[in-house]
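To start, the structure itself, in C-alpha cells.
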Amino acid sequence: MKKIFLLLIACYCTQAIGQHMLFIPDTLSGTTFNLTVHRDSVQFFPGVITQTFGVNTNKYLGPTLFMHKGDSVSLTVNNQIGDTTTMHWHGLHVAPKNDGGPFSMIMNGMSWNPQFVVRNNAATYWYHPHMMAKTAQQAIKGDAGMLIVRDDAEAALPLPRRYGLDDFPIVVQSVELDSVNQFMPKGMVDSIVLVNGTDSPYVSMPAQVVRLRLLNASGERTFDFGFTANKSFKLIANDDGLLPAPVNTTRIWLSPGERAEVLLDLTGMNGQTIYLMSYGSELPMGVQGGPTMPMPPGSPLMNSPLNGINFNILQINVGPQTTAPVISIPATLVPDTAYTASMANATRTINMTADSAMVMDGPFYFNHNLFDMMRIDYRIPLNNIEIWSITDSTMVAHPFHMHDVHFYILDRNGNAPDPTERGRKDVVLVKSMETVRFIAKFDDFGDTSTPYMYHCHILMHEDDGMMGQFIVTPYPEKVDDLTNPSSFTLYPNPVGDVVTIESTTLARNRDLSWKVYSIVGGEVAVSGQQEQQKIVLNTSKLAVGMYFVKISDGSSSYVQKFIKL
Ligand code: C2O
Ligand code: CU
Ligand code: CU
C-alpha cells in the first residue's frame, strides 16, 4: 500500500493529476494574415463540453501574429461565429477605419480586409472583437489572440526571441463557467484561470534567461504577477514598447488589456520548479482581484474565491539549457523620450462616475455619459499633444484604454508613477478616488469619418457603456453654419445605402436642395432625388461614420445628423 502510494508520488512529482501542458498557439507571420473566427467547443472539464470561439485551427483563442515594423500588411477576418462581430488590433496605431472598433462590423459569413503599414515599435499587442455590447461574450469565449511586433532596434538586442523555446506567450484569463460548463461573460465569481486556454498549466523552460510576454486578457480581474519566493525579474517592455533600460522588480500589476514583457533568469535552476503567481493578497480593496468588498444587501455576488489571495498561475519546470542560450540581460534597451507636461496644448478631464457611491457592478459613466454612437465626445486637432486627466469617483478601479495613441503616465494623485509604469502604454488602471494624468500625441491619422474609442477595459463595464469616442480632425472644424434645429424626419438612422428625408415644414412644390457634410464640415457629394417634400439620397458610397445633412427650400434650411453603417 505504502509502496504504491510512493510510486504514484514519484510519477507525479512534477505534474499533479489534472495538470495540462501549456498550449503554445501556432503563429502566422509575413504580410498577409487570414483569420477565420468560428464556433467551436473544448472539453475543459469533465462533463458537458464548453462552447467556444476559435480562430483558424484553434478551438479556443487564435494564432499569435508576428508583424514587422514598416511592413504593409493585409488582414482578412472572416466571420463564422453566427453573429455580427468586429476585430480590433489592440495597441496598433492605425487609421480609424482599420482599427476594428464598433463601427467596423463584420456580418456573419462576411469578411473584413483592413490594410495598413505597421508603425508600432516592437512589443506585445493583441486582437479581440469590439462589437457593441458584445465584446465580453465574444472575447471571453475565445475570440482573441496575441500580436507581436518586431523591429530592427529590438532585433539588435541580445534578448530571448525564440517563440515557445525561450520567448513565451502567456495569455492569462480568469473565467467563470456556469453549472453546465458554459462561459459566463458577465460573471464576477471567476474561479478558473486559463493560460493560453490551458487549465492548470505547466510548461518547461530552459535554465537560462527566458522572456515571458504577459497579457491580461481577462474580463475583469487584475493580477499582481510575481514568482515563487519573490524571485526578482526584469521588466523590459510595457504595453507599446521596450523601456530604455530593464527595471528590476518582484511584482508587476496587469489590469485587463495590459501587457508586460519580463525576463526571468533561470540560470542554474535545472530540475527546479517555480510558479508564476498572482499575489492578490497585496492588491487593495476596490481593485478586482483584491479582497472582496463588504456588500450592501441586494448586490450581485462578487466573492470570487480568487479575491485577495495569492495563487499559482503557471508551473514552470526548469529544464536543460538550449543551444546558444541567452545568459545575461542587457543593461540598456531602446532609448525613448516621454513627452513632458509643458509640451501639451490641451487638457481633457474625465470623471468616472456611477449612479451612487455604493455602485460596484455598474453602469459606470464617463462624465455622467453612457456611450452613444451618435455623440463624438472629443474632436482633437491632428498633432495635438494632450494631457488626459482621469479621476475615478467610483468604488472600484477601472483600466482606462485609449485607441490610436500611446501615452506616458505623468502622475498618480500628483506623484510620479512607479518605475514599472514607465514607457509607452495604452491602458492604465485608475484606482478608486485616484486621479491619473497621462500625455499623448495624436499624430498621423486625421480622419473625420470614423471615430476612435476610449473605454474601460473591464469588458462588462465597456459593454454597459463605459466608453466614449473621439475623432482626430485633419483640418479646422467649420460646422458653425449647421446650427438650425432639425424639423424633418430622416430614416432609417443609422443609414445603409439609401436614406429618406421628409419634411412638412418646408414649402411645398419648391425645389429642395441638400448638402451632406462629414463630421467636421467638409462637404461630401451625395446624389439624390426629390419627390414632393421627400428626398431620397443615395448613401451607398459614403464611408462608415457620422454626417450632417442640410436641406433647404431657398428660404429656410434645416440640419440633421445621421450615421452611416
Ligand atoms: Cu482592447 Cu478598445 O480595446
Ligand atoms: Cu484597443
Ligand atoms: Cu470599469
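Atoms within each ligand, like the ligands themselves, are counted from 1 in listed order.
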For the residue pair [Y] / [X], report whether a side-chain donor-acceptor contact shorter than 3.5 Å exists.
| X | Y | value |
| --- | --- | --- |
| N310 | S281 | yes |
| Y60 | Q173 | yes |
| H130 | E462 | yes |

N/O/S from [X] sitting under 2.8 Å away from atom 1 (Cu) of ligand 1:
| X | result |
| --- | --- |
| H90 | yes |
| H128 | yes |
| H457 | yes |

Is any N, O or S atom of H398 under 2.8 Å away from the Cu ion (ligand 3)?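 For H398, the answer is yes, given that an N, O or S atom comes within less than 2.8 Å of the Cu ion (ligand 3).
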Mind checking whether atom 2 (Cu) of ligand 1 has an N, O or S of H130 under 2.8 Å?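 A backbone or side-chain N, O or S atom of H130 is under 2.8 Å from atom 2 (Cu) of ligand 1.
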Taking both backbone and side chain into account, is any N, O or S atom of H403 nearer than 2.8 Å to atom 2 (Cu) of ligand 1?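 Within the cut-off used here (under 2.8 Å), H403 does place an N, O or S atom near atom 2 (Cu) of ligand 1.
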Restricting to N, O or S atoms of H461, which is nearest to the Cu ion (ligand 3)?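 It is ND1 of H461.
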For the residue pair D26 and N58, establish whether any side-chain heavy-atom pair is separated by less than 4.5 Å.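 Answer yes - side chains close enough.
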Can you check whether L254's main-chain N or O pairs, donor with acceptor, with N216's side chain at less than 3.5 Å?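 It does hold such a pair.
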Looking at F407, is K425 sitting on its ring face, NZ or CZ under 6.0 Å from the six-membered ring centre and within 45 degrees of the normal?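 No, K425 does not lie over the aromatic ring of F407.
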